[in-house]
Amino acid sequence: MAIIEEISAYLQKGRAKNVKTLVQQAMDEGIDPKVILNDGLLAGMMEIGIKFKNEEVFVPDVLVAARAMNMGIAVLEPKLAEVGNEPLGRVVIGTVKGDLHDIGKNLVNMMLRGAGFEVYDLGVDVDAKTFVDKAEEVGASIICQSALLTTTMPNMEEVITELKARGLRDKYVVMVGGAPVTAKFAEEIGADYYTEDATSAAETAKKVALKTA
Ligand code: B1M
């Protein structure tokens, strides 16, 4: 099996140490870091995302794969920076105020980073002011909010209210997601996009970034 396919296969099995070793080996063999990233790590992560969507694998499988991807990316990162890869854009992400669920948000973060974004993760229990302050500070173009509780979903609208209050609404694309969130809810609060899973969130963010580039 070619080394790139091996990287993808080991990533899907969550074998972080093997992924790390193989990424280093591929770099030593002179393979383009972008090929290692896109055809090895990302291809594996996308595959896991699809299997997760189809309920062929479950949260623990996704988390170990995500960890393996992180280790692979850590090896690649200096090399990617060296070849002058510009990030696709900057994204601020967090779980909304009052909500401590972060597994889904972490997966979205992972997929966004995999897609080439620089991601600023504010963690959990994030209020509207913090979302907007951070987006302004880092020059982000997309704000992603996650909510897992019906009681915290309404806090997503506060970010939009805060943006409007500061005259910044048109500067940012606001994306929302999380198990209880729906496209209808997103429309009601004036968010730009709802996506139902981490893979589609990264795909949508990529489309948005390429459209506005
Ligand atoms: Co909580 N919890 N929980 N919980 N918990 C739920 C959400 C619940 C549905 C369980 C239930 O009753 N069936 C329920 C909510 C009910 C409701 O609101 N209708 C619930 C409750 C009630 C609570 C507490 C209130 C319980 C209590 O204390 N009485 C409490 C609240 C704490 C708080 O947040 N203030 C609580 C606590 C917890 C734990 C801390 C124990 C733990 C969280 C651990 C952690 O996250 N580190 C936990 C867990 C694990 C769950 C369940 C079991 C699993 C959630 C999860 O991680 N799913 C959950 C039941 C369930 O969902 N079946 C439940 C896997 C994850 C990959 O999926 O987060 O949906 P998800 O993310 C997906 C998509 O939604 C999407 O992409 C992800 C991957 O594809 N996505 C986005 C998510 N964010 C996105 C953002 C985007 C785009 C897509 O931005 C663009």
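Ligands are counted one by one from 1 in listed order, and the atoms in each one are counted from 1 as well.
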Protein residue, atom and distance nearest to atom 67 (C) of ligand 1, heavy-atom basis: L107 CD1, 3.6 Å

E29 atom CD, neighbour heavy-atom count above 12 within 6.0 Å: yes

Flag: protein heavy atom within less than 4.0 Å of atom 41 (C) of ligand 1: no

Atoms of ligand 1, numbered as shown, that sit under 4.0 Å from any heavy atom of D99: 34 (O)

Side-chain (D61) to main-chain (F58) donor-acceptor, under 3.5 angstrom: yes

N54 atom CG, over 12 foreign heavy atoms within 6.0 Å: yes

Check: S146 N/O within less than 3.5 Å of ligand 1 N/O: yes

Modelled atom types, side-chain donor and acceptor of E157 and T161, under 3.5 Å: no

Min side-chain heavy-atom separation K13-V64 under 4.5 Å: no

Nearest-contact summary for atom 79 (C) of ligand 1 - protein heavy atom, Å: A198 N, 3.7 Å

Flag: protein heavy atom within less than 4.0 Å of atom 2 (N) of ligand 1: yes

Verify atom 56 (C) of ligand 1: protein non-hydrogen atom under 4.0 angstrom away: no

Distance filter under 4.0 Å to C144 heavy atoms, resulting ligand 1 atoms: 90 (O), 91 (C)

Contact (N/O only, under 3.5 Å) between F52 and ligand 1: no

Protein residue, atom and distance nearest to atom 81 (N) of ligand 1, heavy-atom basis: G178 N, 3.5 Å

Option among V173, L112, N109 that satisfies the side chain to side chain contact (heavy atoms under 4.5 Å, CB included) test with C144: L112

Distance-only side-chain donor-acceptor flag, T152 / N155, under 3.5 Å: no

Heavy-atom donor-acceptor pair, D99 side chain to T95 backbone, under 3.5 Å: no

T130 side chain to D127 side chain, donor-acceptor N/O pair below 3.5 angstrom: yes

Ligand 1 to H101 polar contact by distance, N or O atoms, under 3.5 Å: yes

Within 6.0 angstrom of E187 CD, more than 12 heavy atoms from elsewhere: no

Ligand-side contact atoms (ligand 1) for residue partner D197, heavy atom cut-off under 4.0 Å: 76 (C), 77 (O), 80 (O)

Nearest candidate to atom 86 (C) of ligand 1, where distance is taken over non-hydrogen atoms, out of K105, K97, Q145: Q145

Y120 side chain to E118 side chain, donor-acceptor N/O pair below 3.5 angstrom: yes

Polar side-chain atom of D125 near backbone of G98 as donor-acceptor pair, under 3.5 Å: yes

For atom 46 (O) of ligand 1, the protein heavy atom that lies nearest, with its residue and separation: D102 N, 2.7 Å

For atom 65 (C) of ligand 1, closest protein heavy-atom neighbour: V59 CG2, 3.6 Å

Under-4.0 Å protein heavy-atom contact, atom 51 (C) of ligand 1: yes

Residue M175 vicinity, atoms of ligand 1 by number, heavy atom under 4.0 Å: 91 (C)

Any protein heavy atom < 4.0 Å from atom 88 (C) of ligand 1: yes

Whether E196 lies under 4.0 Å from ligand 1, heavy atom: yes

Atom 77 (O) of ligand 1 protein-contacted (non-hydrogen atom, under 4.0 angstrom): yes

Residues K105 and Q145: side-chain donor-acceptor under 3.5 angstrom: no

The one among N109, L148, V173 that brings a heavy atom closest to atom 62 (O) of ligand 1: L148

Polar side chain donor-acceptor pair, Y172 to E136, under 3.5 angstrom: yes

Residues, nucleotides or ligands: over 12 heavy atoms within 6.0 Å of R169 CZ: yes

G177, G104, A179, A202: member with heavy atom nearest to atom 73 (C) of ligand 1: G104

Nearest protein heavy atom under 4.0 Å from atom 48 (C) of ligand 1, yes or no: yes

Whether T151 lies under 4.0 Å from ligand 1, heavy atom: no

Check: T150 N/O within less than 3.5 Å of ligand 1 N/O: yes

Short N or O distance, G98 and ligand 1, threshold 3.5 Å exclusive: yes

Heavy-atom nearest option to atom 31 (C) of ligand 1, drawn from N106, V124, L100, L149: L149

Test item: N38 side-chain N/O and K34 main-chain N/O as donor-acceptor pair under 3.5 Å: yes

Flag: protein heavy atom within less than 4.0 Å of atom 24 (C) of ligand 1: no

Closest protein heavy atom to atom 44 (C) of ligand 1, given as residue, atom name and distance to 0.1 Å: I103 CD1, 4.4 Å

M175: which of T195, D192, I143 passes side chain to side chain contact (heavy atoms under 4.5 Å, CB included): T195

